[in-house]
> 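Can you keep this structure in mind? I'll have questions shortly.
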Amino acid sequence: MRPLPTFPFSEADPIQHPGPPPKTSEVVIVGGGIVGVTTALFMAMRNIPVTLLEKGRVAAEQSSRNWGWIRKQGRDADELPVVIEAIRLWRQLAEECGEDIGLTQAGVTYLAETDKDMAGFEAFMKIAAIHDLDTRLLDGDETAQLIKGMSRKFKGAMTTPSDMRAEPWLAVPALARLAVRKGVKIVENCAARALEISGGRIKGVWTEAGYIETSSVLVAGGAWSSLFLRRHGVSIPQLSVRVTVAATEPLPEIYPGAAADQHIAFRRRQDGGYTLAPGGSNLLYLGPDAFRHAIKYLPSLKANPFGTRYFPFAPTAYPDGWSTPRDWAPDSESPFERMRVLNPAPEPAGLRSVERNFGRLFPQFETVRLKAGWGGMIDAMPDVVPVVDQVEAVSGLFVATGMSGHGFGIGPGIGRVVADLMQGNATGHDLSRFRLSRFYDGSPVRLGPSL
Ligand SMILES: Cc1cc2nc3c(=O)[nH]c(=O)nc-3n(C[C@H](O)[C@H](O)[C@H](O)COP(=O)(O)OP(=O)(O)OC[C@H]3O[C@@H](n4cnc5c(N)ncnc54)[C@H](O)[C@@H]3O)c2cc1C
């Protein structure tokens, strides 16, 4: 029997996908999160030999720590076609992997406290109409009908019954196992240290376990992508913010889907509890990249001045740590092996607030008891939409990163798109919004929704 993982995953978990890596591979993918895993999977489904390198454990960073919301609601208009495809792919992959990943169509609902909240929802309804979504606005009474037993009366809500949820820490490892069955070679505990580039083309990847000859590389390293690529002259204005999440002990069902107001987000879990997260601001640890890219973040700062708190020193060994090396030799230890799993501590105040606020919102729960709390670093872009692109200056180099807090739901869609992009096929979607050059070609920063 497979050993049961602890949660959050850490380097103490047994390696499920041992090395050594092969000496050559048609494609190498850096990063075993939802993006890397699903890209590898779709390539293997087309019989393309793929090696996926993961410095720690598959899904040990964002891809297992997230809330598990799979939503079309509140999405950027340019992301929506990919998310709509992703939802179809989630169903297909859940079936194909043959494991219960908790995929459930139970809806997503945003609760409105003010007219301003409702106005924001109304703006999204125009986008929803273009894509024929089942999203609808509710008044206060309808909201109380949808989620029963709330101690407060809300102005109203926006709800999308066809949105879904899944258990991320089950889903992404299960998809990785499916990828292996389809032929992907996954190697855990194996950091990619650097690329070998010659004459403007990818020639190979240096790993901590040797060199892999390849002509095609995808960087899907989540919060580490910018550090990895900067050494090769590719600058991505990516920063990470710390967020806190908790899981409750089992409680009666008050709503089978996921919902949020300004103070708390909650989602029904497959184990009968809820995944909770506090509202309010995220924590940005300041490091050299935060200053380097500050100007690109001004529009989002202006739009939401209190959305971020700052801590002056990014902890040692974090992607944007002051002492984190920005350069290293391919045959010496890299920052990626120094931190196998980025595992920030949850904020105690955040844990206390979710326990309190959830109990206050649903007084019928006599006691809300947390059984787990964890932290995660969300990799963000200045305009809150990802980078999915081929790097112009280096033939054979691709990047899919900066999922900006919503990469789990869209993940399989991005994976399918990137698999086609890397083969030179039509992707079926307009990806111009996600081009890397948007940050350098004089385009104004066009903020995606912060809904
Ligand atoms: C608390 C929290 C809540 C969220 N809630 C939601 C939600 O409800 N719905 C939603 O859609 N999204 C949500 N997200 C966002 C979502 O989890 C991420 O966007 C998504 O998981 C990103 O996937 P990824 O594959 O790009 O990166 P990751 O999951 O971070 O994976 C990147 C992997 O690359 C590895 N790596 C990095 N560098 C190297 C290297 N040099 N060599 C080898 N391996 C390397 C890392 O170890 C890591 O495992 C949330 C995120 C967090 C943190």
Side-chain angles (χ1 to χ4, degrees), residues 8-9 11 21 28-40 52-72 74-75 79 83 86 90 108 163-166 168-169 171-172 176 186-195 205-208 217-229 231 238 240-246 258 260 265 267 275 277-278 282 319 334-337 339-344 346 350 374-381 386-388 399-415 418:
F9 302 135
E11 55 187 291
V28 173
I29 294 178
V30 178
I34 181 84
V35 172
V37 165
T38 53
T39 304
L52 184 149
L53 305 171
E54 168 51 55
K55 66 180 172 58
R57 301 292 181 273
V58 162
E61 296 194 347
Q62 297 177 86
S63 290
S64 61
R65 291 158 191 266
N66 66 70
W67 301 353
W69 296 32
I70 299 174
R71 63 178 171 88
K72 303 178 287 295
R75 284 282 184 168
E79 281 187 346
V83 188
W90 269 114
V108 159
D163 278 351
M164 304 180 100
R165 61 174 165 89
W169 54 93
V172 184
I186 298 182
V187 190
E188 289 182 321
N189 230 42
C190 185
R193 287 176 169 168
L195 304 171
V205 179
W206 295 95
T207 83
E208 63 178 301
V217 172
L218 170 68
V219 177
W224 302 88
S225 301
S226 155
L227 179 66
F228 185 83
L229 285 169
R231 197 181 158 280
Q238 175 189 44
S240 301
V241 290
R242 184 177 84 166
V243 287
T244 291
V245 194
R267 171 186 68 85
T275 291
N282 299 322
S334 72
F336 312 109
E337 300 127 85
M339 184 162 298
R340 298 263 171 217
V341 177
L342 189 53
N343 183 17
W374 61 93
M377 298 299 289
I378 290 184
D379 69 324
M381 300 305 299
V387 171
V388 181
V399 59
T401 199
M403 298 291 138
S404 301
H406 42 254
F408 177 67
I410 201 174
I414 298 281
V418 175

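Remember, it's 1-based here, ligands and their atoms both numbered in the order they're listed. The figures here come from the full heavy-atom set of this structure, side chains too, leaving out hydrogens, waters and symmetry mates.
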> Need the ligand 1 atom indices (1-based, order shown) with element for anything under 4.0 Å from a heavy-atom of G222.
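Those atoms are 27 (O), 30 (O), 32 (C).
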
> What residues form a side chain to side chain donor-acceptor pair (under 3.5 Å) with W374, not counting sequence neighbours?
none

> Output yes when a side-chain donor or acceptor of R242 lies under 3.5 Å from a complementary backbone atom of N282, and no otherwise.
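No, R242 side chain to N282 backbone: no donor-acceptor pair under 3.5 Å.
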
> Judging by distance only, is a nitrogen or oxygen of R65 under 3.5 angstrom from one on ligand 1?
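R65 vs ligand 1: no N/O contact under 3.5 Å.
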
> Whether the side chain of E208 engages the backbone of A191 through a donor-acceptor N/O pair (distance < 3.5 Å, no angle test) should be reported.
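Yes, because the side chain of E208 sits within donor-acceptor range (under 3.5 Å) of the backbone of A191.
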
> Is there a nitrogen or oxygen of G36 sitting under 3.5 Å from a nitrogen or oxygen of ligand 1?
no

> Is F408 close to ligand 1, meaning an N/O of one under 3.5 Å from an N/O of the other?
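Yes.
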
> For the residue pair E188 and V58, establish whether any side-chain heavy-atom pair is separated by less than 4.5 Å.
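Touching, per the 4.5 Å side-chain cut-off.
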
> For atom 40 (C) of ligand 1, find the nearest protein heavy atom and state the residue, atom name and distance (0.1 Å precision).
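The answer is V30 CG1, 3.5 Å.
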
> I'd like to know if the side chain of Q238 reaches the main chain of G222, judged simply by a donor and an acceptor atom lying under 3.5 Å from each other, with no hydrogens or angles considered.
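Such a contact is found between Q238 side chain and G222 backbone.
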
> Below the 3.5 angstrom mark, is there an N/O of G409, backbone or side chain, next to an N/O of ligand 1?
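By distance alone, the answer is yes.
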
> Does ligand 1 have any atom sitting under 4.0 Å from a heavy atom of A60?
no

> Going by heavy atoms in the side chains, are V418 and V388 under 4.5 Å from each other?
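Result yes, sub-4.5 Å side-chain heavy-atom pair found.
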
> Can you tell me which residue and heavy atom of the protein come closest to atom 38 (N) of ligand 1, and the distance to 0.1 Å?
W224 CB, 3.4 Å

> Any N/O of H406 closer than 3.5 Å to an N/O of ligand 1?
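So ligand 1 has an N or O lying under 3.5 Å from an N or O of H406.
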
> With a 4.5 Å limit on heavy-atom distance, are the side chains of V37 and L52 in contact?
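In short, these two side chains touch, coming nearer than 4.5 Å.
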
> Hey, does the side chain of K55 reach the backbone of C190 with a donor-acceptor pair shorter than 3.5 angstrom?
no

> With a 4.5 Å cut-off on side-chain heavy atoms, are V30 and F336 touching?
no

> Check whether any N or O atom of V35, backbone or side chain, sits under 3.5 Å from an N or O atom of ligand 1, and answer yes or no.
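Yes - when backbone and side-chain N and O of V35 are compared with those of ligand 1, one distance drops under 3.5 Å.
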
> Backbone, side chain, both or neither: what part of W69 comes under 4.0 angstrom of ligand 1, heavy atoms only?
both

> Tell me: protein heavy atom nearest atom 37 (C) of ligand 1, and distance?
G221 O, 3.3 Å

> Can you tell me the protein heavy atom closest to atom 6 (C) of ligand 1 and the distance?
N66 CB, 3.4 Å

> Check each atom of ligand 1 against the heavy atoms of A191 and keep those under 4.0 Å away; list them by number with element.
42 (N), 43 (C)

> Under 4.0 Å, counting heavy atoms only: does V243 come that close to any atom of ligand 1?
yes

> Looking only at distances, can you tell me whether any N or O atom of D379, backbone or side chain, sits closer than 3.5 Å to an N or O atom of ligand 1?
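For ligand 1, there is no N or O atom that lies under 3.5 Å from one belonging to D379.
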
> At under 4.0 Å between heavy atoms, is it the side chain or the backbone of V245 that contacts ligand 1, or both, or neither?
side chain

> Show the atoms of ligand 1 that are less than 4.0 angstrom away from any heavy atom in A220.
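In order of numbering, the contacting atoms are 32 (C), 34 (O).
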
> Is the backbone N or O of W69 less than 3.5 Å from a side-chain atom of R165, with the two atoms forming a donor-acceptor pair by type?
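Such a contact is absent between R165 side chain and W69 backbone.
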
> Mind checking side chain to side chain donor-acceptor pair (under 3.5 Å) for D163 and listing every partner two or more places apart, or none if nothing turns up?
K72

> Please confirm whether E54 comes within less than 3.5 Å of ligand 1 when only nitrogen or oxygen atoms on both sides are compared.
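Among all N and O atoms of E54, at least one is under 3.5 Å from an N or O of ligand 1.
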
> Tell me, which protein residue and heavy-atom name are nearest atom 31 (O) of ligand 1, and how many Å apart are they?
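The closest one turns out to be G33 CA, 3.4 Å.
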
> Does any N or O atom in A192 lie less than 3.5 angstrom from one in ligand 1, N or O only?
yes

> Relative to ligand 1, is A277 under 4.0 angstrom through side chain, backbone, both or neither, heavy atoms considered?
neither

> Find out whether F228 and L195 are in side-chain contact, i.e. whether some heavy atom of one side chain is under 4.5 Å from a heavy atom of the other.
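Yes, at least one pair of side-chain atoms sits under 4.5 Å.
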
> Is there a donor-acceptor pair under 3.5 Å between the side chain of E11 and the backbone N or O of V341?
no

> Starting from atom 44 (N) of ligand 1, which protein heavy atom do you reach first, and at what distance in Å?
K55 N, 3.0 Å

> Measure from the side-chain N and O atoms of R75 to the backbone N and O of H406, and report whether any donor-acceptor pair falls under 3.5 Å.
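Yes; judged by distance alone, with no hydrogens or angles, the pair exists.
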
> Give a yes or no on whether the backbone of M381 and the side-chain of S404 come within a donor-acceptor separation of less than 3.5 Å.
yes

> Okay, side chain of W90, backbone of G409: is any donor-acceptor separation there less than 3.5 Å?
yes

> Name the closest protein heavy atom to atom 30 (O) of ligand 1, giving the residue it belongs to and the distance to 0.1 Å.
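Scanning the protein heavy atoms, the shortest distance from atom 30 (O) of ligand 1 goes to Q62 NE2, 3.0 Å.
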
> Show the atoms of ligand 1 that are less than 4.0 angstrom away from any heavy atom in F228.
41 (N)

> What is the nearest protein non-hydrogen atom to atom 29 (O) of ligand 1, stated with its residue, atom name and distance?
S63 OG, 2.5 Å

> Please work out, at 4.0 Å between heavy atoms, whether the side chain, the backbone, both, or neither of W67 comes within that distance of ligand 1.
both

> Could you list the atoms of ligand 1 found under 4.0 angstrom from a heavy atom of G32?
33 (C), 34 (O)

> Does any N or O of ligand 1 fall below 3.5 Å from an N or O anywhere on G407, backbone included?
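N/O-N/O distance under 3.5 Å: yes.
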
> Backbone N or O of D379 within a donor-acceptor pair of the Q62 side chain at under 3.5 Å?
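Present.
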
